[in-house]
Amino acid sequence: MNLGLKDKVIIVTGGGAGIGEGISRACLAEGARVVVLSRRSENVQHFMAEMEQAGSACTLIEAHLEDANRCREAIAEVEQQFGEIYGLVNNAGVNDGVGLASGSVERFQESLQKNLIHYYALAHYALPALKRSQGAIVNISSKVALTGQGNTSGYAASKGAQLALTREWAAELLLFNIRVNAVLPAEVMTPLYERWLKTLGDPDAKLREITSKIPLGKRMTLSSEIAAATVFLLSPTQSAHTTGQHLIVDGGYVHLDRALT
Ligand code: NAP
């Protein structure tokens with residue numbers, strides 16, 4: 001199936017590790033040119049070294065996305081370097097555990113900076129280019145937006161707002177033929193997830209407990225499975241009439257009958 005993404009310029013925030021890395025790889029496999037907007041962590045460096053060695057059309061623009069000015073500069077750099085933007089995948093985020101009781105107003109605001117404000121900032125600054133290309137936006141949200149988790153108000157608020165913005169932007173951008181959709185993962189093994197597991201007493205036991213409750217296959221979702229949904233939603237040919245959707249890729253974790261597990 002031809003997804004029609006060849007040579008398209010697609011920005012993937014946090015695209016050098018975890019789910020974002022999976023999305024970058026899937027976009028590259030479709031012949032797109034990928035711009036990873038991210039901090040330069042060890043994982044990211046490793047991924048970029050592999051991309052360079054393979055001669056992949058993948059470029060890193062370093063950015064701490066909580067800085068809205070840096071978001072504006074980064075979009076300008078992409079436009080200067082590539083002359084266009086077709087896709088924006090808002091993906092970078094962190095489940096930072098700012099609870100209602102345990103947190104503070106300041107930490108809640110910081111969490112919104114880490115998880116939400118850059119989704120808006122990048123879409124806002126990329127909009128003129130997206131209008132020219134009749135592009136697509138995919139927001140990576142989370143099951144936490146629908147289920148809650150406990151002790152993570154900033155993350156939950158951000159993930160819920162991302163779903164609302166997906167509908168809002170889909171409505172606002174109809175006239176420009178720009179499509180906006182969201183993908184909601186539940187349990188995906190990534191560096192972020194591994195870090196969280198390690199904070200628990202017995203990570204292996206916790207992982208077994210979690211996977212035993214995932215109806216389809218009793219296993220974690222793969223980054224490549226989130227990526228497959230994302231490239232479909234980016235595709236101007238295959239998802240040309242799909243907008244404002246919230247696609248949950250979770251092995252039935254959120255919606256299937258609990259009696260099944
Ligand atoms: P991850 O393993 O931490 O990868 C995210 C990448 O983005 C990392 O390279 C990280 O940098 C970078 N990044 C994060 N915040 C950034 C910022 N403010 N500025 C620049 N770079 C930033 O995370 P993941 O598990 O793949 O999660 C990706 C998305 O999926 C998030 O939106 C998350 O909420 C969502 N999600 C994940 C799961 C899951 O099970 N993993 C479930 C539901 C939703 P560092 O390497 O320096 O941290």
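Atoms within each ligand, like the ligands themselves, are counted from 1 in listed order.
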Can you list, by chain and residue number, the hydrophobic cluster partners of Tyr155 when the side-chain cut-off is 4.5 Å?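 Direct or chained contacts put Tyr155 with Val144.
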
Clusters formed by hydrophobic residues whose side-chain heavy atoms approach within less than 4.5 Å: which one holds Leu260, and what are its other members? Leu256

[atom]: which of [options] has the nearest heavy atom?
| atom | options | answer |
| --- | --- | --- |
| atom 2 (O) of ligand 1 | Leu192, Val44, Leu37, Val183 | Leu192 |
| atom 13 (N) of ligand 1 | Arg39, Lys143, Glu66 | Arg39 |
| atom 37 (C) of ligand 1 | Ile19, Val188, Asn43 | Ile19 |
| atom 42 (C) of ligand 1 | Gly93, Ala186, Ser142 | Ala186 |
| atom 25 (O) of ligand 1 | Thr190, Asn90, Ile226 | Thr190 |

Atoms of ligand 1, numbered as shown, that sit under 4.0 Å from any heavy atom of [X]:
| X | value |
| --- | --- |
| Glu187 | 40 (O) |
| Ala63 | 19 (N), 20 (C) |
| Arg195 | 3 (O), 48 (O) |
| Pro191 | 2 (O) |

Is any side-chain N of the basic residue among Lys143 and Glu187 closer than 4.0 Å to the acidic one's carboxylate O?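 Looking at Glu187 together with Lys143, the answer is yes, because their closest N to O distance falls below 4.0 Å.
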
For [atom], the protein heavy atom that lies nearest, with its residue and separation:
| atom | value |
| --- | --- |
| atom 8 (C) of ligand 1 | Ala17 CB, 4.0 Å |
| atom 33 (C) of ligand 1 | Tyr155 OH, 3.4 Å |
| atom 44 (C) of ligand 1 | Ser141 O, 3.3 Å |
| atom 7 (O) of ligand 1 | Gly14 CA, 3.1 Å |

Using heavy atoms and a threshold below 4.0 Å, how should the contact between Glu21 and ligand 1 be classified: side chain, backbone, both, or neither?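 It is neither; nothing of Glu21 touches ligand 1.
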
Can you give me the closest heavy-atom contact between [X] and [Y], atom names plus distance?
| X | Y | result |
| --- | --- | --- |
| Val188 | Leu222 | CG1-C, 4.0 Å |
| Gln113 | Glu66 | OE1-O, 3.3 Å |
| Val36 | Ser24 | CG2-OG, 3.8 Å |
| Tyr253 | Lys213 | CD1-O, 3.4 Å |

Return yes or no for this condition: an N or O of [X] is under 3.5 Å from an N or O of ligand 1.
| X | result |
| --- | --- |
| Lys159 | yes |
| Leu65 | yes |
| Ser41 | yes |

Non-hydrogen atoms of [X] versus ligand 1: any pair closer than 4.0 Å?
| X | result |
| --- | --- |
| Tyr119 | yes |
| Gly15 | no |
| Asn91 | yes |

Just verifying a value: how many Å separate Thr147 OG1 and Leu184 CG, rounded to the nearest 0.5 Å?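 The distance works out to 9.5 Å.
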
d(Ile10 CD1, Ile23 CD1) to nearest 0.5 Å is 10.5 Å

Donor-acceptor pair, side chain of Ser235 and main chain of Val231, under 3.5 angstrom: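 It does not hold such a pair.
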
Polar contact flag, side-chain donor to acceptor under 3.5 angstrom, Gln149-Asn95: yes

Can a side-chain donor-acceptor contact be found between Asn2 and Thr237 if the only test is distance below 3.5 angstrom?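 Per modelled atom types, Thr237 and Asn2 side chains form no pair under 3.5 Å.
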
